[in-house]
2 protein chains.
Amino acid sequence: MSEAQWDRSRCSVAGALAVVGEKWSLLVLREAFLGVRRFADFQRVLGAPRAVLTDRLNTLVEEGILRRVPYQAQGERQRHEYRLTQKGIDLHPALVALMAWGDRYLAEDGEVPLELRHRDCGEPVHLALVCEAGHELSGARDVRPVPRIPTG
Amino acid sequence: MSEAQWDRSRCSVAGALAVVGEKWSLLVLREAFLGVRRFADFQRVLGAPRAVLTDRLNTLVEEGILRRVPYQAQGERQRHEYRLTQKGIDLHPALVALMAWGDRYLAEDGEVPLELRHRDCGEPVHLALVCEAGHELSGARDVRPVPRIPTG
DNA sequence: CGGGCTGAGTTCGCTTGACGAACCACCCTC
DNA sequence: GAGGGTGGTTCGTCAAGCGAACTCAGCCCG
């Protein structure tokens with residue numbers, strides 16, 4: 001038997017996807033990281049159906065990934081906007097990883113649509129796997145998965 | 001207008017999700033990273049409907065993320081198994097990122113179901129954002145997104 | 001005050017996708 | 001050549017996603 005024995009039912013990947021794996025959820029978060037906060041702006045840039053967008057925003061708020069913040073522009077009635085919580089901000093690496101993969105394999109003529117740079121020094125940024133001892137791993141093959149809760 | 005102007009239609013996140021964003025796709029890949037290769041094993045550990053699993057495996061093969069490899073165990077007929085290509089292996093960071101997030105926010109009683117360790121030194125591994133100048137960024141706020149193809 | 005506009009949803013048919021269960025073909029072992 | 005396991009396909013049902021139309025609250029202009 002080649003695959004490791006462990007309890008898939010509490011897999012963190014499955015859990016994360018149960019929360020943000022529905023259609024549009026991660027794209028909503030992508031826009032949130034780019035500064036989009038208002039319903040109409042999400043709707044316009046994403047092109048998602050309104051009903052779906054309503055549902056995704058509500059779900060993300062319920063899950064504590066976004067929070068509704070009341071605000072009032074001058075000469076307009078009070079509205080609320082959607083902002084990332086820390087829980088939401090912590091999804092950033094997942095989006096960066098997907099973006100990096102898409103940049104590598106889907107970009108046409110090497111034209112990357114969006115580049116991430118270090119705010120302080122301006123240099124391009126990438127994801128790296130590092131261990132507690134400080135080694136930077138070269139790839140997935142340097143990783144050994146260790147089940148902590150075997151099924152028995 | 002707060003959000004940056006850029007061409008969402010070729011966003012790498014959306015592109016990546018169009019390829020691996022369907023239900024079960026990333027879970028299939030999770031198992032592939034853990035060594036699962038055969039249809040029946042995917043079906044058993046995931047519990048996904050057969051028809052869906054067939055479709056996801058075919059899609060992943062078409063997309064070049066998995067490849068079908070014929071093999072023959074002794075005393076058995078020839079079968080084929082599904083193995084990760086380099087394109088598939090490069091999705092590893094995305095799964096690690098989702099797993100890390102799930103570990104942090106969804107694990108009950110701090111029990112993390114699966115731990116990743118450096119194969120060489122045995123130390124736990126985590127994802128980090130680093131820039132070309134070698135700085136390790138502390139979080140999403142240290143990142144500045146730079147659109148490369150403005151919509152005009 | 002009356003009517004229009006706008007942002008934020010909600011409702012409605014329709015179509016697509018996911019689901020579990022049953023069915024099927026191949027080829028091996030006995 | 002009977003039985004069984006692998007690797008699917010087919011089928012009917014049910015949930016989800018879809019675009020378009022409708023709603024509603026509040027501000028603005030006249």
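For clarity, every value in this text was computed on a predicted model and none was experimentally measured. In what follows, chains carry the letters A, B, and so on, assigned in the order in which the sequence lines appear, proteins first and then strands, with residues in each chain numbered from 1.
In this structure R56(A) satisfies the salt bridge (charged side-chain N to carboxylate O under 4.0 Å, His left out) test together with E22(A), sequence neighbours excluded. Residues passing the side-chain contact (heavy atoms from CB on, under 4.5 Å) test with D142(B), sequence neighbours excluded: H118(A), L137(B), S138(B).
A donor atom on one side chain and an acceptor atom on the other are not found under 3.5 Å apart for E62(B) and N58(B). Side chains of Y82(A) and R68(A): a donor-acceptor N/O pair is present below 3.5 angstrom, by distance only.
For the pair R141(B)/I89(A), a side-chain contact is recorded, criterion being any heavy-atom separation below 4.5 Å from C-beta on. Looking only at side-chain heavy atoms (C-beta outward), P124(A) and C131(B) stay at 4.5 Å or farther from each other.
Q43(A) has its CD atom 15 Å from the P atom of dT6(C), to the nearest Å. Atom-to-atom, CZ of R44(A) to P of dG7(C) comes out at 10 Å; the value is rounded to the nearest Å. Rounded to a whole Å, the CG atom of D41(B) is 8 Å from the P atom of dT6(D). Here the P atom of nucleotide dC19(C) and the CG atom of L53(B) are 11 Å apart, to the nearest Å.
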Q: If a protein heavy atom is under 4.0 Å from the base, mark B; if only from the sugar-phosphate, S; if neither, -; do that for nucleotides 9-18 of chain C going 5' to 3'.
A: BBB------S
